[in-house]
Amino acid sequence: MAVGALPRTMDALSRRATMLRDSLQRSQGNTDGMVAILGSFDHRLSALEAAMRPTQARPPALPPVRTHAIRTAHENIDRTIKAADSILSQFDLARRAEAAILRGPHEDLESYLEAVEVLKGIVRFFNSNKNFKSSDSVLTHVNNLLAKSTMKIEEEFKQLMSTYSKPIEPDRLFDCLPKSMRPTKGDQEADGGGRSDHQSKSLETAIYRTPTLIPPRILPLMNDIAQQLVQAGNQQSCYKIYRDSRASALEMSLRKLGVEKLSKDDVQKMQWEALEAKIGNWIHFMRIAVKLLLAGERKICDQIFDGVNFNKGHCFAELTANSVLTLFSFGDAVAKSKRSPEKLFVLLDMYEVMRELQPEIDEIFEGKPCTEMREAASSLTKRLAQTAQETFTDFEEAVEKDASKTIVQDGTVHPLTSYVINYVKFLFDYQSTLKLLFLEFDSGTEAESQLAAVTTRIMQALQNNLDGKSKQYKDPALTYLFLMNNVHYMVRSVRRSEAKDILGDDWIQRHRRIVQQNANQYKRVAWAKILQTLSVQGAGSSGDLSSSGVSRAMIKERNLVENNKNPQKYVRYSPEAVDQLLGQFFEGQQWAEQKR
């Protein structure tokens, strides 16, 4: 630097020092420490100015040593000015940030969070420049502002969570369902089931739209707040506020939907129609809860705590625990309630929906903190499977041991036969579900073979029971007619349903032979009396009609006229014609049709 430039430099330096002092005096963040720091700079600048004055009166040509001293002084002045500039900028930042902190976060949260970051930067600056006089007091002031900001941020987080943690109305949830599952107008309940394998598969692949639990524009702000709270050491407050707010919203959403906590005793007391309706609702509620509400909760939890050093897994597990327990408790109560044949199909429906939802439950409740939730879902699935399988066994035994005294007077199809056949036909709507159920209990046998074995046992149990019921008839002819009609009904029903693929042609052919055997036995026993009345021996002790004392009327009644002069006058059918007509007797063809 030239000697002639020194007066200008010193004047500029003096003006900068005065400007710094004036700025600090106007600053809302003015503290004694800040003034002290600038005061030290002012003192150093004055000393440098005094040291430089003698050089201004000397001639231009100076010894080399003196020139070096002047250059060093100039360098010191430059460093001092730069340090003063950086401190001034920190004080200006502190003044603006303090104003934002005092205003609070409610009106402009983004600006408030930016001010907090500025204050943290100022702390970092003074921590790395400890040699400034009274920097500790500056740090104390800024840290106090940060503590105040943390309290205000926590209040704002609580307010935001309260504002945006309202329960979702059922109509909003229904709008997120596939169209096929939405309730019809005036109906509060949607079709949660579907009773064919095709319908079941379509439900699994149906598209659900995750509801908006918190507006997307709010989520980044919540993420910033969570980050600030955790960095400030307020993890527990953040944890509790989030958990309590979201848990309450989730529980109220389910309550509005119609979910209720029911015990085994509650289920046991219900009439079957009421229980069946509640089970249908539960299946529907499970899909809504898992695919919409719980999936939505997981999504916002991940977004709000993204990049935050926070145990969100535990928090999510705790906030969903009560709702999941309520949902599962009903399924558990049904599985543990008294078994009955009619419950088998609703048990299969419940088992089916749990199998369908298990992958999503595993995804939503991923990680070690949520292990209990995943295991609870898996346990419920297995319990439903176990109860369904035990109900199978109960049904088989109930069919074989059915002791109803109902007698079908004319030997037609018994109500038990109709019930069992309809039951078996309905089972085949659940083929894929049944195969999955059998796989739950690895017996070393293919699922389809197990299904065939179960069906065969049920049909055999029915046949055994029918054999017993047939013995209630006093007339042997009705015994065979009863067995023929019922076994024929079984064969015809199997041939017209999917059961034929499971039971196979061998079963069908074997039981057709049983039908034919009973038909033949019926013809033999039923028509034996008629043949007896037609025989000569039946008319008296000898074959001599003239000496037997048999009346002419009896002779005509029994057709015992073959040896008379005009037998065609009395015989309408030949033996061959009668045999043909009897052969057509069980084909349901009317005599009037035969004549035509």
Side-chain angles (χ1 to χ4, degrees), residues 395-426 455-497 499-500 503-535 537-538 557-559 572-596:
F395 180 67
E396 182 184 331
E397 293 176 359
V399 170
E400 186 150 7
K401 296 177 180 178
D402 178 71
S404 61
K405 299 298 182 182
T406 304
I407 297 179
V408 183
Q409 297 296 335
D410 55 359
T412 55
V413 177
H414 195 278
L416 177 66
T417 306
S418 302
Y419 174 72
V420 172
I421 292 300
N422 287 334
Y423 197 92
V424 170
K425 286 165 67 176
F426 205 46
T455 308
T456 302
R457 289 200 304 270
I458 291 173
M459 299 295 270
Q460 187 59 51
L462 173 60
Q463 196 169 336
N464 293 344
N465 189 284
L466 292 173
D467 286 340
K469 283 182 168 45
S470 70
K471 293 178 174 59
Q472 294 176 344
Y473 291 102
K474 294 179 181 179
D475 184 351
L478 280 176
T479 295
Y480 293 117
L481 181 64
F482 173 79
L483 288 172
M484 181 195 68
N485 282 330
N486 281 269
V487 178
H488 178 258
Y489 181 82
M490 291 166 64
V491 172
R492 186 183 64 180
S493 299
V494 167
R495 289 181 64 191
R496 295 177 178 179
S497 72
K500 69 178 182 297
L503 293 174
D505 287 335
D506 287 346
W507 187 94
I508 293 172
Q509 293 306 321
R510 188 167 66 254
H511 284 77
R512 287 183 72 177
R513 287 194 293 272
I514 293 172
V515 173
Q516 190 60 49
Q517 289 166 7
N518 281 292
N520 292 337
Q521 289 290 79
Y522 170 73
K523 285 195 294 183
R524 182 182 63 78
V525 174
W527 292 94
K529 294 179 181 178
I530 296 176
L531 292 174
Q532 185 180 8
T533 64
L534 294 175
S535 68
Q537 289 80 5
E557 185 180 317
R558 297 189 177 186
N559 293 330
R572 182 176 298 180
Y573 304 107
S574 68
E576 293 78 12
V578 171
D579 183 65
Q580 184 182 2
L581 290 172
L582 285 176
Q584 296 170 349
F585 184 77
F586 300 108
E587 295 179 8
Q589 193 172 24
Q590 298 295 325
W591 170 238
E593 294 176 358
Q594 179 68 18
K595 286 178 67 177
R596 288 198 295 271

Least distance between heavy atoms, V525 atom then A477 atom: CG1-N, 3.7 Å
To the nearest 0.5 angstrom, please state how far the CG atom of L466 sits from the CD atom of E400. 11.0 Å
Could you tell me which non-hydrogen atom of L478 sits nearest to which non-hydrogen atom of Q409, and how far apart they are? CD1-O, 3.7 Å
Taking A398's backbone N and O only, do any of them form a donor-acceptor pair with D402's side chain (distance below 3.5 Å, no angle check)? no
Side-chain heavy atoms of V494 within contact of H511, under 4.5 Å: no
Rounded to the nearest 0.5 Å, how far apart are OG of S493 and NE2 of H488? 9.5 Å
Could you tell me if the side chain of T417 sits less than 4.5 Å from the side chain of L462, heavy atoms only? yes
When rounded to the nearest 0.5 Å, the distance separating CE of M484 from OG1 of T412 is 10.5 Å
The reported gap from OH in Y522 to CG in N518 (rounded to nearest 0.5 angstrom) is 12.5 Å
Parallel, tilted or perpendicular, as decided by the 30° and 60° cut-offs, for the rings of H414 and F482: perpendicular
Passes side chain to side chain donor-acceptor pair (under 3.5 Å), Q521 versus R524? Steps please. CA-CA 5 Å; Q521 289 290 79; R524 182 182 63 78; 3.1 Å; yes
Rounded distance [0.5 Å steps], OG1 in T456 versus CD in E396: 10.0 Å
Does K469 reach the side chain of I407, with side-chain heavy atoms less than 4.5 Å apart? no
If we ignore hydrogens and angles and just use 3.5 Å, is the side chain of T479 paired with the main-chain N or O of S470 as donor and acceptor? yes
Parallel, tilted or perpendicular: ring planes of Y423 versus Y419, cut at 30 and 60 degrees: tilted
So do the side chains of V408 and P415 get within less than 4.5 Å of each other, counting heavy atoms only? yes
Within a 6.0 Å radius of atom CZ on R495, are there more than 12 heavy atoms belonging to other residues, nucleotides or ligands? no
Side-chain heavy-atom pair N485, L481 within 4.5 angstrom cut-off: yes
Please tell me if the side chains of Q516 and R513 come closer than 4.5 Å, counting only heavy atoms from C-beta onward. no
Applying side chain to side chain donor-acceptor pair (under 3.5 Å) to Q463 and D467, what does each step give before you reach the verdict? CA-CA 6 Å; Q463 196 169 336; D467 286 340; 5.1 Å; no
Do any N or O atoms from the side chain of N465 and from the backbone of A461 form a donor-acceptor pair under 3.5 angstrom? no
